[in-house]
Amino acid sequence: MATTTEYIEYVCEQINDVGEIRYKKMFGEFMVYVNNKPIIIVCNNIPFVKKLDCIKDIMKNAETGFPYKGAKEHYILDIDNREFCKSVIIELEKITPIPKPKKK
């Protein structure tokens, strides 16, 4: 089951005041960018964030999973808990670099 447009818009709505939010369809699923930084991958209507040290304590009780076959294990973000999501995203946004443009 692929992620629906309605769900990805809900995800973006939940985090709309942490910065500039946009999403991009990738391989049938979605990447959510905050201030042009890839922060959340949404697969099968489940939002995932990378397992990084900067959020280890905040996410200690979070479920984990694999967004797609061959991916590393990620935290599953409780997108319904708006304030919690914002705190996680703020920490991730601090350390996530803006991707370099691809050469054509």
Side-chain angles (χ1 to χ4, degrees):
M1 172 181 96
T3 299
T4 62
T5 303
E6 292 80 19
Y7 187 77
I8 195 67
E9 288 176 356
Y10 171 70
V11 169
C12 292
E13 227 174 79
Q14 288 295 93
I15 60 168
N16 67 358
D17 52 357
V18 295
E20 180 188 331
I21 308 297
R22 68 180 175 90
Y23 61 87
K24 183 176 180 181
K25 192 166 189 142
M26 301 175 80
F27 310 110
E29 295 295 349
F30 292 91
M31 178 63 74
V32 177
Y33 293 81
V34 178
N35 298 326
N36 292 315
K37 300 175 180 182
I39 302 292
I40 304 171
I41 185 166
V42 183
C43 299
N44 298 319
N45 286 349
I46 301 171
F48 295 92
V49 293
K50 284 186 178 179
K51 288 181 85 174
L52 298 173
D53 286 342
C54 68
I55 58 169
K56 183 171 58 175
D57 292 336
I58 302 170
M59 299 293 286
K60 66 181 175 232
N61 296 322
E63 291 182 53
T64 59
F66 299 89
Y68 52 89
K69 188 175 180 172
K72 292 181 180 177
E73 188 174 47
H74 284 57
Y75 291 119
I76 296 174
L77 188 62
D78 179 7
I79 201 67
D80 296 326
N81 186 341
R82 190 177 193 149
E83 293 306 313
F84 177 74
C85 287
K86 285 192 235 178
S87 65
V88 170
I89 290 165
I90 287 168
E91 291 305 311
L92 288 172
E93 196 273 338
K94 288 178 188 175
I95 66 155
T96 303
I98 294 174
K100 293 184 169 116
K102 303 245 191 253
K103 293 182 180 179
K104 293 186 178 184

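Numbering of residues begins at 1 and proceeds along the displayed sequence. Note that the coordinates shown come from a computational prediction; the quantities given were computed from them, not determined experimentally. Quick note: numbers below take in every heavy atom, side chains included, and nothing from hydrogens, waters or symmetry partners.
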(message) Closer than 3.5 angstrom, by distance alone: can the side chain of K25 be matched with the main-chain N or O of F30 as a donor-acceptor pair?
(response) no
(message) Any non-hydrogen side-chain atom of M59 less than 4.5 Å from a side-chain atom of F84?
(response) yes
(message) For K86, I'd like to know if atom NZ has over 12 heavy atoms of other residues, nucleotides or ligands within 6.0 Å.
(response) yes
(message) Nearest 0.5 Å, please: how far is OH in Y68 from CD in E29?
(response) 11.0 Å
(request) I would like to know whether D57 and I55 meet side chain to side chain contact (heavy atoms under 4.5 Å, CB included); could you show each step before the answer? (result) CA-CA 6 Å; D57 292 336; I55 58 169; over 6 Å; no
(message) Within this structure, what is the CD-CD distance for the pair E20 and E93, rounded to the nearest 0.5 Å?
(response) 11.0 Å
(message) Are F66 and K72 packed together at the side-chain level, in the sense that at least one heavy-atom pair is separated by less than 4.5 angstrom?
(response) no
(request) Answer yes or no: is there a side-chain heavy-atom contact under 4.5 Å between K24 and Y33? (result) yes
(request) Compute whether any side-chain donor of one residue and acceptor of the other, for Y10 and N45, lie under 3.5 angstrom apart. (result) no
(request) Verify the cluster assignment for F27 and I46: are they in a single hydrophobic cluster under the rule of side-chain heavy atoms below 4.5 Å apart? (result) yes
(message) Using every non-hydrogen atom in the two residues, find where L77 and I89 come nearest and quote the distance to one decimal.
(response) CD2-CD1, 4.4 Å
(message) I'd like to know if L52 and V34 are part of one continuous hydrophobic network [Ile/Leu/Val/Met/Phe/Trp/Tyr, side-chain heavy atoms within less than 4.5 Å].
(response) yes
(message) Would you compute the distance between atom CZ of F48 and atom CD1 of I79 and round it to the nearest 0.5 angstrom?
(response) 12.5 Å
(message) To the nearest 0.5 Å, what is the distance between SG on C85 and CG on D78?
(response) 6.0 Å
(message) Around atom CD of E63, are there more than 12 heavy atoms from other residues, nucleotides or ligands closer than 6.0 Å?
(response) no
(message) Test of understanding: clusters of I, L, V, M, F, W, Y form through side-chain heavy atoms closer than 4.5 Å, transitively. Do I95 and I58 belong to the same one?
(response) yes
(request) Verify side chain to side chain contact (heavy atoms under 4.5 Å, CB included) between K50 and Y75, making sure each step is shown before the conclusion. (result) CA-CA 6 Å; K50 284 186 178 179; Y75 291 119; over 6 Å; no
(request) Identify the heavy atoms of Q14 and D80 that sit nearest to each other, and give their distance. (result) NE2-O, 3.6 Å
(message) Any non-hydrogen side-chain atom of T64 less than 4.5 Å from a side-chain atom of I76?
(response) no
(message) Just by distance, no angles: are the side chains of R22 and N35 close enough, under 3.5 Å, to form a donor-acceptor pair?
(response) no
(message) Do V88 and M31 land in one hydrophobic cluster if side-chain heavy atoms of ILVMFWY residues count as linked below 4.5 Å?
(response) no
(message) So, taking the atom named CD1 in I21 and the one named CD1 in I15, what distance separates them when rounded to the nearest 0.5 Å?
(response) 4.0 Å
(request) Of all the heavy-atom pairs spanning P97 and P38, show the shortest one and how long it is. (result) O-CD, 4.0 Å
(request) In sequence, state the C-alpha distance, the side-chain angles, and the governing distance for V49 and H74, and then conclude on side chain to side chain contact (heavy atoms under 4.5 Å, CB included). (result) CA-CA 6 Å; V49 293; H74 284 57; 5.8 Å; no
(message) Please report the interatomic distance CD1(I39) to OG1(T96), rounded to the nearest 0.5 Å.
(response) 3.5 Å
(request) Report yes if some heavy atom in the side chain of I40 is under 4.5 Å from a heavy atom in the side chain of V42; otherwise report no. (result) yes
